[in-house]
Asks: 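Here you go, one structure.
Letters A, B, ... are given to chains in the order of the sequence lines, protein chains preceding strands, and every chain is numbered from 1.
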Amino acid sequence: MFQKEQQLIEEKIKEFCKANDIALAGLKWQSIPFAGEWGFSTSFFQTAANEAKLGRGNKVPVPQKAQEIAEQVKAQLGSVEGISHIEAVKGYLNVYFKTSDYAGRVVEEALANGENFGRGAAKNERLMVEFSQPNTHKAFHVGHLRSAILGDSLARIVDFAGYDLVRANYPGDMGLHVIRWLWAYLKYHNGEEPETDITHWMGMVYADATKKLEEDPTLETEVRALYARWDKRDPEIEALWKKTRQWSLDGFNQMYNLLDIKFDKYYFNSEEERPGKEIVADLVKRKIAIDERPEGPVIVKLDELLGNDKEKYRVLVVLRSDGTALYATEDLSLVLHKFRDYPDLARSVYVVDVRQSLHFTQVFKTLELAGYEQAKKCAHVAYELVTLPGNVVMSSREGTVVLLENLIREAVERAKEETRKKNPNLGGEQLDTVAKAIGMGALKYPILARENAKIVTFDWQAALDFNGQAAPYIQYAHVRCNSILRKANVKTWDETIAGYSYELDASEIELIELISRFPSEVQRAAEEYKPLVIATIAYDIAKAFASFYDKCPVIQADANIRDARLQLVMAARQTMANALNLLGIQAPDVM
RNA sequence: GCUCUCGUAGCUCAGUGGAUUAGAGCGCUUGCUUGCGGAGCAAUAGGUCGCAGGUUCGAGUCCUGCCGGGAGCACCA
């Protein structure tokens, strides 16, 4: 936001060092870390160290030398337009803005851009984010939540940061689990139709299949017979598969609607099976893969091909010994399929659980060895699981699943109760809308506000705690902004900026500082694939606002201060709304 | 055995090689409302940043080793 001044000063420093033969190191600028004033700063430690290495500086210790250089630079700079003062402290050069200019510029930028405040310039680069990947014919439980929520937020961030985005889903629609389901359906549930909670019902049938097969393992022969019929594309089985698959997809859409998640493109593993086998045949022909059939499977000895001493990439099995496809077979094909659909894809991102890290490095490396440059553009964003307290992994077999439908119902119900207590004036449809925003936010935020690679322990109590660092806190700050503006009867920004020449409170300075950082945080979140960055700044802004709210009267303030603060409130509200939107969380007007 | 990952306050977690005093939330103790919504604010207490080396002017942050937790490693997905 203040590149111009920064560049100007950087030029002057370079000139100065050149004139005085100082071995200037690259300048790294950062914002000044202490509250109270704004500016940017850089240090001369590296430069002083360079000087020492050259044998100059008469053995003056580096920190002292850095301070000397900073002082010399300061003396040379004189006064700069828009800059209030410059100081040399502990080897740092601190450049301070004129407070009123800075505050005015930040608020104006936020208000002028509105819901686009923080949006990055178009990068003309296409990026695909694949996430969610649920298995059809199974339940959708809390274990599936993280990929969906993380992927969705990542997609929103990448889009907002300026990339051309494709949101892709890759449901597992064929495999042994599907055949088992079809078998149980035909044998025990024939003719039945799903109830309202579709994925729940699909999961029940699947659980039934598992149970029956455990009770009597000889029934597996029936399942295998059914698999054979599928392999021959028996029309009756294929029709049933298509019909029941659609039930699952309808069920997923119910979930995605609840979670406010959308996709542009669906890939299915059933469609990658045949092209995948062709790729494998080609790999065998080119001696990248070794066909050990019928004794063994078709494999790619990656470490051997790469000449590695230590086991790193190991061996990838690309086809079963009976010639049937594995996930690896289909994933090989999927990479190429995506780049056929979008030849200008700059990056293809897979949001998949960390347990599949080796699998993805193997698949991408195999394609790379086969000369497919696309593979270098693929990245696996790994995330850890959501577990239950006591480190219990959720699994449908163990019966430890928390169904997503139930969780969402519970969260929204709990939010409704709480909202009724806090705000008895709300009712009817408005109460429902608000409760949904709060409940869903409470659910999503703890998952997003965590490092991707860290395990989230799912805890009802923590998930439904609306206090402290959680989405409802941010939503509440948004509501309070809104309330002030409503009471002051301010609807839209009138395009003039009231001056910030009065003495700003420390809390106002903090709030403005955080708002100014939002655009660069969006870029960082997109580059690092980390919604956590947005979750953190959203909370920080809400916290700064809460402090401001307590210390600085707005409506009752003197006219000139009142106008300036109303605009600041508007800017804060906008920034929080934009940040929440990137997390897939609604910002209600009342709650 | 090999590979990856995590280890920061009682608990759950932030922390981009750089700044006095390593920060939040929960919990504990205490104060704040005739006032813009108290789902809030403010204050107190709580730390050998797993351990040991190394690189660097400077390390919670980078490198190596060790310890501890978790995960993955040929026909599961």
Asks: Does Lys312(A) reach the side chain of Leu306(A), with side-chain heavy atoms less than 4.5 Å apart?
Replies: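 Side-chain contact under 4.5 Å: no.
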Asks: Where the side chain of Ser321(A) is concerned, which of C75(B), C36(B), C2(B) is the nearest nucleotide?
Replies: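 From the listed options, C75(B) comes nearest.
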Asks: Do Arg480(A) and C36(B) have a side chain to base donor-acceptor pair shorter than 3.5 Å?
Replies: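 Under the 3.5 Å cut-off, the side chain and the base do not form any donor-acceptor pair.
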Asks: Indicate whether OP1 or OP2 belonging to C76(B) is found under 4.0 Å from a side-chain N or O atom of Arg320(A).
Replies: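 Answer is yes, contact under 4.0 Å.
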Asks: Short question: side chain of Glu130(A), backbone of Val351(A) - any donor-acceptor pair under 3.5 Å?
Replies: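 No, Glu130(A) side chain to Val351(A) backbone: no donor-acceptor pair under 3.5 Å.
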Asks: Where the side chain of Lys551(A) is defined as all heavy atoms beyond and including C-beta, which of U5(B), A42(B), U20(B) is the nearest nucleotide?
Replies: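 Between U5(B), A42(B), U20(B), the one nearest the side chain of Lys551(A) would be A42(B).
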Asks: C1' atom, G37(B) versus U30(B): distance in rounded Å?
Replies: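 Comparing C1' positions in G37(B) and U30(B) gives a spacing of 25 Å.
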Asks: Contact class for Lys312(A) (heavy atom, under 4.0 Å): base, sugar-phosphate, or nothing?
Replies: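 It contacts nothing in the nucleic acid.
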Asks: From the options A14(B), C41(B), A39(B), select the nucleotide whose nearest atom is closest to the side chain of Phe466(A).
Replies: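 For the Phe466(A) side chain, the nearest candidate turns out to be A39(B).
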Asks: Does the Lys NZ or Arg CZ of Arg480(A) fall within the cation-pi geometry relative to Tyr549(A) - under 6.0 Å from the ring centre and within 45° of the axis?
Replies: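 Flagged: Arg480(A) positioned over aromatic ring of Tyr549(A).
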Asks: Check the geometry between Tyr92(A) and A19(B) and answer yes if their rings are stacked (centres below 5.5 Å, planes below 30°), otherwise no.
Replies: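 Answer is yes, a stack.
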Asks: Lys454(A) side chain N/O closer than 4.0 Å to the phosphate oxygens (OP1, OP2) of A14(B)?
Replies: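 True: Lys454(A) side-chain N/O within range (under 4.0 Å) of A14(B) OP1/OP2.
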Asks: Looking across every strand, which nucleic acid part, if any, lies under 4.0 Å from Gln64(A) by heavy atom: base, sugar-phosphate, or nothing?
Replies: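 No contact.
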Asks: Heavy atoms only, 4.0 Å cut-off, all strands: where does Ala546(A) land among base, sugar-phosphate and nothing?
Replies: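 Sugar-phosphate contact only.
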Asks: Which nucleotide in the set G37(B), C57(B), A74(B) lies at the smallest distance from any side-chain heavy atom of Val317(A)?
Replies: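 The listed nucleotide nearest to Val317(A)'s side chain is A74(B).
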Asks: In this structure, how many angstroms lie between the P atom of A14(B) and the NZ atom of Lys530(A), rounded?
Replies: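 Roughly 9 Å, once rounded to whole Å.
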Asks: Using the C1' atom as the point on both nucleotides, what is the distance between G58(B) and C13(B), in whole Å?
Replies: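 My reading of the C1' atoms in C13(B) and G58(B) gives 27 Å.
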Asks: Between Tyr92(A) and Phe45(A), does the ring centroid distance fall short of 6.0 Å?
Replies: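 Under 6.0 Å, so yes.
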Asks: Closer to the 5' end of RNA chain B via nearest nucleotide, is it Glu295(A) or Ile438(A)?
Replies: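 The residue whose closest nucleotide sits nearer the 5' end is Ile438(A).
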Asks: Do you know the tightest heavy-atom contact between Leu580(A) and Ala587(A)?
Replies: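 Result for this residue pair: CD1-CB, 3.8 Å.
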Asks: How about Trp181(A) and Tyr206(A): are their ring centroids closer than 6.0 Å?
Replies: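 No: the rings miss the under 6.0 Å criterion.
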Asks: Once you apply a heavy-atom cut-off of 4.0 Å, does Pro553(A) come out as touching a base, just sugar-phosphate, or nothing?
Replies: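 It contacts base atoms.
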Asks: Parallel, tilted or perpendicular, judged at 30° and 60°: which one describes the rings of Phe40(A) and Trp29(A)?
Replies: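 If you compare the ring of Phe40(A) with that of Trp29(A), the planes turn out perpendicular.
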Asks: Heavy atoms only, 4.0 Å cut-off, all strands: where does Thr419(A) land among base, sugar-phosphate and nothing?
Replies: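 The residue Thr419(A) makes base contact.
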Asks: Which nucleotide, C41(B), C36(B), C57(B), lies nearest any side-chain atom of Ser547(A)?
Replies: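 Nearest to the side chain of Ser547(A) among the choices is C41(B).
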Asks: What nucleic acid atoms does Arg524(A) come within less than 4.0 Å of, heavy atoms only: base, sugar-phosphate, or nothing?
Replies: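 Base contact.
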Asks: Is there aromatic stacking of Tyr549(A) on G40(B) here, judged by a ring-centre distance under 5.5 Å and a plane angle under 30°?
Replies: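 One would not call Tyr549(A) stacked on the G40(B) base.
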Asks: If the cut-off is 4.0 Å, is Lys422(A) near the phosphate of A39(B), judged by side-chain N/O to OP1 or OP2?
Replies: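 The answer is yes; a side-chain N or O of Lys422(A) sits under 4.0 Å from OP1 or OP2.
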Asks: Within this structure, what is the CH2-to-P distance between Trp29(A) and A19(B), rounded to whole angstrom?
Replies: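 From Trp29(A) CH2 to A19(B) P: 17 Å.
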Asks: Between Ser357(A) and Leu176(A), just flag the one whose closest nucleotide in RNA chain B comes earlier from the 5' side.
Replies: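 Closest to the 5' end, via its nearest nucleotide, is Ser357(A).
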Asks: Spell out yes or no: do the side chain of His359(A) and the base of A77(B) have one donor N/O and one acceptor N/O closer than 3.5 Å?
Replies: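 Checked by distance alone, the answer is yes.
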Asks: Would you mind classifying the nucleic acid contact of Cys552(A) as base, sugar-phosphate or nothing, using non-hydrogen atoms under 4.0 angstrom?
Replies: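 Base, at least one base heavy atom under 4.0 Å.
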Asks: Nearest-Å distance, CG (Leu358(A)) to P (U5(B))?
Replies: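 Going from Leu358(A) (CG) to U5(B) (P), I get 13 Å.
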Asks: Gln46(A) side chain: which of A39(B), U5(B), C57(B) is closest?
Replies: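 Output: C57(B).
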Asks: Quote, to the nearest angstrom, the C1' distance that separates G72(B) from A39(B).
Replies: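 My reading of the C1' atoms in G72(B) and A39(B) gives 43 Å.
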Asks: Quick check for you: among C75(B), G70(B), C41(B), whose closest atom lies nearest to any side-chain atom of Ile455(A)?
Replies: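 Of the options given, the side chain of Ile455(A) lies nearest G70(B).
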Asks: Determine: side-chain N/O of Ser483(A) to OP1/OP2 of G37(B), distance under 4.0 Å, yes or no.
Replies: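 Yes, within the criterion.
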Asks: Between U16(B) and C6(B), how many Å separate the two P atoms, rounded to a whole number?
Replies: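 My reading of the P atoms in U16(B) and C6(B) gives 13 Å.
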Asks: Looking at the side chain of Val554(A), which of A77(B), C36(B), G25(B) is the nearest nucleotide?
Replies: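 Of the options given, the side chain of Val554(A) lies nearest C36(B).
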Asks: Counting side-chain heavy atoms from C-beta on, which of A39(B), C36(B), C57(B) comes nearest to Ala49(A)?
Replies: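 For Ala49(A), the side-chain atoms sit closest to C57(B).
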Asks: Should the ring pair Tyr539(A) and Tyr473(A) be called parallel, tilted or perpendicular, given that the plane angle runs from 0 to 90° and is split at 30 and 60?
Replies: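 Rings of Tyr539(A) and Tyr473(A): tilted, 30 to 60°.
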Asks: Do Tyr96(A) and His85(A) pass the ring pair (Phe, Tyr, Trp, His ring centres under 6.0 Å) test, and can you show the C-alpha distance, the side-chain angles, and the key distance before you say yes or no?
Replies: CA-CA 5 Å; Tyr96(A) 293 95; His85(A) 63 288; 4.5 Å; yes
Asks: Ignoring backbone atoms, test whether Tyr473(A) places a side-chain nitrogen or oxygen under 4.0 Å from the OP1 or OP2 oxygen of C41(B).
Replies: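 Result: yes.
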Asks: Can a salt bridge be assigned to the pair Lys422(A) and Glu417(A) using a cut-off of 4.0 Å between side-chain N and carboxylate O?
Replies: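 Answer for the salt bridge query: no.
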Asks: Mark yes or no: Arg245(A) above the aromatic ring of Trp241(A), with NZ or CZ under 6.0 Å from the six-membered ring centre and no more than 45 degrees from the axis.
Replies: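 Pair Arg245(A)/Trp241(A) counts as cation-pi.
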Asks: Would you state whether a donor and an acceptor, one from the side chain of Gln469(A) and one from the base of C13(B), lie under 3.5 Å apart?
Replies: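 A donor-acceptor contact between them is absent.
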Asks: Could you state the CZ-P distance from Phe545(A) to C36(B), rounded to the nearest angstrom?
Replies: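 Atom-to-atom, Phe545(A) to C36(B), this comes out as 13 Å.
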Asks: Can you tell me if Asn467(A) touches the phosphate of G40(B), counting only side-chain N or O atoms and a distance under 4.0 Å to OP1 or OP2?
Replies: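 Result: yes.
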Asks: Using the rule given for ring pair (Phe, Tyr, Trp, His ring centres under 6.0 Å), can you reason through Phe131(A) versus Tyr383(A), listing the C-alpha separation, both sets of side-chain angles and the distance that settles it, and then say yes or no?
Replies: CA-CA 11 Å; Phe131(A) 61 102; Tyr383(A) 61 87; over 10 Å; no
Asks: Check the phosphate of G25(B) against Lys543(A), side-chain N and O only, distance under 4.0 Å to OP1 or OP2. Yes or no?
Replies: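 Yes, within the criterion.
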Asks: Quick one: the dot-bracket string of RNA chain B, using Watson-Crick and G-U wobble pairs with both distances under 3.5 Å, [ ] for crossing pairs and | for bases paired to another strand.
Replies: (((((((..((((....[....))))..((((.......))))......(((((..]....))))))))))))....
Asks: What contact category does Leu319(A) fall into here, base, sugar-phosphate, or nothing, at under 4.0 angstrom with non-hydrogen atoms?
Replies: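 Answer is nothing: Leu319(A) stays at 4.0 Å or more from every strand.
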Asks: Give a yes/no on whether any side-chain N or O of Tyr476(A) is located under 4.0 angstrom from OP1 or OP2 of A39(B).
Replies: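 True: Tyr476(A) side-chain N/O within range (under 4.0 Å) of A39(B) OP1/OP2.
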Asks: In whole angstrom, give me the gap between the P atoms of A22(B) and U29(B).
Replies: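 Nearest-Å result for A22(B) against U29(B) at atom P: 27 Å.
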Asks: Please tell me which of the listed nucleotides, A24(B), U16(B), A74(B), lies nearest to the side chain of Ile299(A)?
Replies: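 Of all the options, the side chain of Ile299(A) is nearest to A74(B).
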Asks: Does a distance-only test, which skips hydrogens and angles, find a donor-acceptor pair under 3.5 Å between the side chain of Asn94(A) and the base of A19(B)?
Replies: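 Under the 3.5 Å cut-off, the side chain and the base do form a donor-acceptor pair.
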Asks: Taking G50(B) as the reference, what is the distance to G60(B) when you measure between their P atoms (whole Å, please)?
Replies: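 It comes out at 10 Å once rounded to the nearest Å.
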Asks: Distance check, P atoms only: A45(B) and G23(B), in whole angstrom units.
Replies: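 Here A45(B) and G23(B) have their P atoms 13 Å from each other.
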Asks: Between U61(B) and G54(B), how far apart are the two P atoms, rounded to whole Å?
Replies: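 Their P atoms lie roughly 14 Å apart.
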Asks: What nucleic acid atoms does Val590(A) come within less than 4.0 Å of, heavy atoms only: base, sugar-phosphate, or nothing?
Replies: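 Base contact.
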